[in-house]
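Residue numbers start at 1 and run along the sequence shown.
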Amino acid sequence: MDKFITKGHLKKKGKKKAQMALRQIPFFPHTLSLTLISKPKLNNNNNNRFSFFTPSLSSTALMATSHNVLLPIAPGSEPMEAVIIVDVLRRAGADVTVASDSANLSVLARHDVKILADASVSDVAGTSFDLVAIPGGIPGVENLRDCKVLEGLVKKHVEEGRLYAAVCAAPAVVLGPWGLLNGLKATGFPALMEKLASYAATTVESRVQVDGRAVTSRAPGTTMEFALALIEQLLGKEKADEVAGPLVMRSNHDDEHTFKEFNPVQWTFDNPPRILVPIANGSEEMEAVIIIDMLRRAKANVVVASVEDKLEIVASRKVKLEADMLLDEAAKLSYDLIVLPGGLGGAQTFANSETLVNLLKKQRESNKYYGAICASPALVLEPHGLLKGKKATAFPAMCNKLSDQSEVDNRVVVDGNFITSRGPGTSIEFALAIVEKLFGRKLALELAKAVVFGRP
């Protein structure tokens, strides 16, 4: 178990160009390194997941209200952060509205991930929310900062004593300039801590920081913990624990990523490697977006293909994503790696797609690389004989469907040219293992540091 942080460690850095650092960096265990601060009463109950001061607004009062959440996005928003927040909060039953900063609901996030918003910020300007959560990503945060309608909405929201949150670049670039961190402790993206210090009373290196009604966090690699902290603030610890269980999160952020490997081979590829990531209605959006985002950070040529009859898909927690092309078009190309996200509905669609199954069989027969996470090893690969003679893992509740269950407790399993993993909380590790097999451990560790997968 991580030690809980009850006092922030002051962040002292020399002068540097933080924004340039953020642009240039190649850009989950329900144990949180998290600080909650709100007077007047200190609670030292070590049975709680957090060490915290009793909040000024009781959890009972919060649970009596509706739980409407606003998540604004803009061109250049960080897709992992946005999608993880939405997915995890919707698992808790929150009514989350994804709102574009403009009238254009189709938003091109960082790493060319296409997200379709539910509404525009202007559409919801008169709506009352229980929480506003702002993802990071440059230039997304700059676009959100400059959205006057959003600024007015959030300032009114804060004046009413409601919960507000920001991750990565958003504390320093959005909340700070809006004057919403004055007198508070806050954290943020490591390269922007000096900028953050000019707005917050104290900057701290907690993975998640709560001070009164403000919640801040550091980067994509801390966002799942951040989202669970938001659930705890809105709905209480019991609900946060309930949501955390199926995520299969890691328990020790001090450890570097690892994977269990059998029959090791050197993965070779065209430069850059071409990787197919199919998506369908019901695909798990966190898994899909994390895989796409992380592999594009590594400069792989990632092709996102819809297995439906249109580019737009509605993922398992109703996040709307847009593929690069339809699968029939994508099938005309050859791939160094095909990797399947999970999600029950999406995996069933994959298993029923003759085109996709044939691509996977051809991949195996050609000794090329293929992999899957969560439900897909059990529902797609196993029924079609694509796990024969292979060690694998899958979502815990589906491991009984695997013919060989000897290694299912491992978070990531590599067997020769084949890789599998367990669930949303193992997705970053899964993607890092793919990066390591393709590009080497040095790049994988650089990416892990960039997303604050472990401790920075």
Side-chain angles (χ1 to χ4, degrees), residues 4-13 15 18-19 32-44 48 50-59 61-62 69-70 72 85 128-136 141-142 144-148 150-219 222-223 225-227 229-230 232-234 456:
F4 301 140
I5 299 175
T6 56
K7 293 184 179 179
H9 300 287
L10 294 180
K11 183 77 171 176
K12 294 182 179 179
K13 280 182 167 276
K15 290 184 178 180
Q19 182 170 322
L32 310 184
S33 292
L34 179 148
T35 306
L36 291 98
I37 299 173
S38 183
K39 296 179 180 179
K41 182 180 177 183
L42 178 62
N43 183 342
N44 287 318
N48 289 339
F50 311 145
S51 295
F52 64 96
F53 289 86
T54 303
S56 56
L57 182 59
S58 73
S59 59
L62 280 169
V69 178
L70 175 65
I85 294 167
S128 179
F129 293 96
D130 299 287
L131 164 66
V132 178
I134 303 175
V141 287
E142 296 165 341
L144 293 176
R145 177 199 62 204
D146 296 338
C147 178
K148 295 303 181 183
L150 180 64
E151 181 179 357
L153 184 159
V154 176
K155 285 183 174 179
K156 181 175 183 291
H157 175 92
V158 174
E159 288 170 2
E160 293 172 349
R162 298 177 184 271
L163 190 66
Y164 61 108
V167 63
C168 197
V173 179
V174 182
L175 295 186
W178 287 352
L180 300 180
L181 294 177
N182 294 344
L184 300 177
K185 286 189 177 183
T187 191
F189 188 72
L192 289 172
M193 293 299 279
E194 185 177 359
K195 181 178 180 68
L196 181 62
S198 65
Y199 301 111
T202 308
T203 57
V204 294
E205 296 181 3
S206 312
R207 292 175 66 81
V208 180
Q209 174 70 38
V210 180
D211 190 345
R213 299 283 85 206
V215 187
T216 51
S217 190
R218 309 215 75 183
T222 68
T223 303
E225 300 150 72
F226 174 64
L230 297 178
E232 181 157 344
Q233 290 291 292
L234 281 174

Just so I know, are the side chains of [X] and [Y] near enough to count as touching, which here means a heavy-atom distance under 4.5 Å?
X	Y	result
L163	L234	yes
V210	Q233	yes
H157	F129	yes
V208	T187	no

For the pair D211 (side chain) and K185 (backbone), establish whether a donor and an acceptor sit closer than 3.5 Å, ignoring hydrogens and angles. yes
Quick check against the 3.5 Å criterion: does W178 have a side-chain atom that pairs as donor or acceptor with the backbone of E151? no
May I ask you to check whether T223 and R218 show a side-chain donor-acceptor distance below 3.5 Å? no
Nearest 0.5 angstrom please: [X] [atom1] to [Y] [atom2], how far?
X	Y	atom1	atom2	result
R162	L131	CZ	CG	11.0 Å
L175	N182	CG	CG	11.0 Å
I85	I134	CD1	CD1	9.5 Å
Y164	L70	OH	CG	15.5 Å
L150	L144	CG	CG	6.0 Å
E142	R145	CD	CZ	5.5 Å

Minimum heavy-atom distance between [X] and [Y], given as atom pair plus value:
X	Y	result
V167	A219	CG2-N, 3.8 Å
T216	P171	CG2-CG, 3.9 Å
V141	G136	CG1-CA, 3.6 Å
F189	A169	CB-N, 4.1 Å

